[in-house]
Amino acid sequence: EGLVWNANERVEGYTNFLWTMLISGGMISGIDPITGAYLFGLTFFVISIITTYKTAQLIFGTRDISFIVMLLLGLNYTFFSYATGGLETQMQTALIILSFYFTMKITVSPVIQQKHFYITSILFSLAVLTRLDSGIIIISLIIFIAIRVYAHNMPLQLKFRYLFILAAPMLIIVGSWLMWKLSYYGNILPNTFYVKASAFTSPLKGLRYVSTFFFSYLLFPIVIISIFAVRVIFKNKISPLILICLMLVAWLSYVIKIGGDFMEFRFFVPILPYLFILFGWVIFIFVKNRIYQWVLILLIISGSVHHAFTFALDKDERIEPIRNLHNHLFALDENWSGIGKSLHHYFNRAKNVTIGVTAAGAIPYFSELQTIDMYGLNDRYLAREGIFAGITPGHQRMSPFNYLVNRGVNLVIAHPKILRQCEEAGCYLPSLPSNPNDRIMQTKVIEIPIDSIYKFLALYLTPNADVDSIIEQNRWKVHLISQK
């Protein structure tokens with residue numbers, strides 16, 4: 001079946017090819033994907049921390065400042081939380097900081113070594129294969145290396161040779177991957193791009209996302225000082241820090257353009273090593289007063305503590321705290337993993353049962369059922385033609401009711417509604433956007449047990465003989481509801 005969401009539907013509903021391959025390799029080797037994600041995430045977290053320390057040493061030339069930079073980065077709540085977040089975030093971060101480190105080895109070291117070009121090219125490729133948006137940083141590094149090599153006092157032929165060594169492995173690896181994507185999926189860009197980046201985005205929301213990070217971490221005082229320090233950096237032509245400043249501007253512009261993210265500052269993680277290197281220079285080089293230096297260090301540490309204990313879900317901004325993301329999967333009153341396991345328990349032998357969900361992660365994975373991703377991340381049609389549902393990144397489009405009917409969806413769970421077994425379902429109905437073309441029909445809502453205490457509701461949309469039989473065998477409650 002290959003890298004697909006549903007059998008026989010070639011849709012690239014992921015943005016983390018290399019991470020997907022890594023988790024798949026672990027599963028083939030008998031490693032549980034959740035355990036594997038934790039192990040790999042922690043490994044890349046350690047790599048990121050150590051490489052940040054070594055990079056800071058290249059820039060500052062001192063272990064003391066480098067150690068404090070590494071310490072401040074490691075204590076950042078968002079940064080270490082995504083070490084066990086189950087996502088590719090730390091893998092992307094590790095590959096990008098490794099790329100930056102070897103870029104510094106090429107451009108800062110007095111002697112250029114050919115092997116560093118090979119290593120850097122491969123790291124650039126791996127970063128892009130992990131997430132395509134890594135290219136925003138990688139392009140900056142490529143340009144920086146090209147400028148430095150061109151300015152180096154060496155024969156022109158040798159300059160071209162080094163740049164060819166840098167480009168060739170990257171063109172072969174990334175080029176082959178893009179050609180495979182085009183032949184396999186029929187598109188170079190992932191399906192998620194059309195939902196997140198090319199649909200309805202709000203730069204204003206993205207700007208609030210960025211400012212919320214700095215306010216929540218109490219970083220605005222040091223940001224203001226950094227603005228004045230940047231003038232000195234450019235005036236004195238401190239090239240590594242100039243590169244860092246340009247990388248930060250490029251990445252934050254991208255984050256603002258796509259409207260930020262709904263997960264707690266996930267998109268800040270890849271740039272935090274550079275942000276803290278810049279802060280390290282501001283604190284120890286730009287600020288001369290020792291008392292002020294310690295005040296800024298303590299402010300950064302206290303900011304992380306402040307964020308960890310005070311950051312909560314804002315209904316307007318919809319940035320979900322990391323602890324909420326964990327609760328979606330395992331908390332008793334949400335328990336998406338439990339819903340998926342319940343569906344698998346009851347329907348694993350049923351034929352041609354299709355579910356519709358917005359929580360298109362744990363539920364489809366554990367249920368192993370054909371699934372329509374109602375937000376369109378894994379659906380080619382919905383990613384381009386779904387109904388506008390808001391400006392929350394990744395949730396801009398939504399499946400219209402008639403599309404679910406046309407696709408033959410049997411059970412619509414949408415955003416899961418969980419009740420205690422003793423609670424009455426009442427008029428609860430999965431949340432669906434209306435469409436002028438949706439036809440009025442009578443539908444059923446069924447109550448499906450998760451365990452002896454909790455149950456969840458599903459809209460029974462398209463009749464299925466196996467579903468009817470399972471409802472009857474288990475004596476589930478069924479409610480008739482009129483739906484437009």
Side-chain angles (χ1 to χ4, degrees), residues 14-27 31-56 69-103 122-138 141 190 192 209 213 217 244 247-248 251-252 254-255 260-277 304 307-308 311 319-326 328-329 361 393-394:
Y14 58 91
T15 53
N16 50 8
F17 173 76
L18 210 57
W19 178 254
T20 301
M21 292 292 96
L22 191 61
I23 297 298
S24 300
M27 293 172 68
I31 301 174
D32 176 77
I34 296 177
T35 303
Y38 283 172
L39 291 175
F40 295 137
L42 285 167
T43 300
F44 286 115
F45 169 77
V46 172
I47 292 172
S48 298
I49 289 291
I50 293 174
T51 309
T52 299
Y53 172 75
K54 294 178 71 66
T55 302
V69 168
M70 179 185 71
L71 182 65
L72 294 176
L73 175 64
L75 290 175
N76 181 270
Y77 179 79
T78 295
F79 193 79
F80 68 70
S81 293
Y82 280 103
T84 54
L87 300 173
E88 75 286 352
T89 310
Q90 280 294 349
M91 183 178 186
Q92 180 188 26
T93 304
L95 290 171
I96 292 179
I97 188 61
L98 280 168
S99 298
F100 186 87
Y101 172 74
F102 279 97
T103 297
I122 292 171
L123 287 170
F124 285 174
S125 305
L126 295 179
V128 172
L129 263 64
T130 300
R131 276 189 67 95
L132 200 56
D133 56 10
S134 300
I136 295 168
I137 301 295
I138 300 305
L141 298 179
T192 51
Y209 174 85
F213 172 85
Y217 275 100
I244 285 176
M247 287 166 52
L248 291 174
W251 185 263
L252 291 177
Y254 158 69
V255 172
D261 189 31
F262 72 95
M263 294 186 187
E264 181 187 324
F265 306 126
R266 174 178 52 144
F267 284 164
F268 267 91
V269 175
I271 61 166
L272 285 181
Y274 318 105
L275 190 64
F276 278 98
I277 289 173
S304 187
H307 173 82
F311 187 73
I319 304 173
E320 292 205 46
I322 292 170
R323 56 185 174 274
N324 285 26
L325 300 173
H326 181 272
H328 287 328
L329 297 180

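Across Y77, F265, F213, a single residue satisfies ring-ring contact (aromatic ring centres under 6.0 Å, His included) together with F311, and that is F265.
Put simply, the side chain of N76 does not reach to within 4.5 Å of the side chain of F268, judged on heavy atoms. Side-chain contact check for F79 versus Q90: some heavy-atom pair is nearer than 4.5 Å. Here the side chains of I23 and W19 are in contact, with some heavy-atom distance below 4.5 Å. With contacts defined as side-chain heavy-atom distances shorter than 4.5 Å, the pair L18/Q92 does not qualify. Contact of the T103 side chain with the F124 side chain is registered, since non-hydrogen atoms from C-beta on lie closer than 4.5 Å. For the pair L132 and P190, the minimum side-chain heavy-atom distance is below 4.5 Å.
Applying the salt bridge (charged side-chain N to carboxylate O under 4.0 Å, His left out) criterion to E88, with sequence neighbours excluded, gives R131.
A distance of 9.5 Å separates CD1 in I244 from CG in L275, rounded to the nearest 0.5 Å. Within the model, atoms CG of L272 and OG1 of T93 stand 7.5 Å from one another, a figure rounded to the nearest 0.5 Å. Here OG1 of T35 is found 10.5 Å from CZ of F40. Values are rounded to the nearest 0.5 Å. Summarising the geometry, atom CZ belonging to F276 is positioned 6.0 Å from atom CG belonging to L73; distances are rounded to the nearest 0.5 Å. Atom OH of residue Y209 and atom CE of residue M263 lie 10.0 Å apart, to the nearest 0.5 angstrom. The CZ atom of F262 lies 11.5 Å from the CD1 atom of I319; values are rounded to the nearest 0.5 Å.
Remark: the backbone N or O of L75 is paired with a side-chain donor or acceptor of S304 at under 3.5 angstrom.
Residues A37 and G86 come closest through the heavy atom pair CB-CA, 3.8 Å. Shortest non-hydrogen contact noted between S134 and A127 is OG-O, 3.0 Å. Between L39 and T43, the shortest heavy-atom distance links the atoms O-OG1, 2.8 Å. The two residues W251 and P270 have their closest heavy-atom pair at CZ2-CG, 4.1 Å.
For residues 261-275, the side-chain hydrogen bond (donor to acceptor under 3.5 Å, both in side chains) pairs, not counting sequence neighbours, are D261-R266, E264-H307.
No hydrogens or angles considered: a donor-acceptor pair under 3.5 Å links the side chains of T78 and Y217.
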Indicate every side-chain donor-acceptor pair of residues 49-56 with a distance under 3.5 Å to a residue at least two apart or in another chain.
unit_1	atom_1	unit_2	atom_2	d
T51	OG1	I47	O	2.6
T52	OG1	S48	O	2.7
T55	OG1	T51	O	2.7

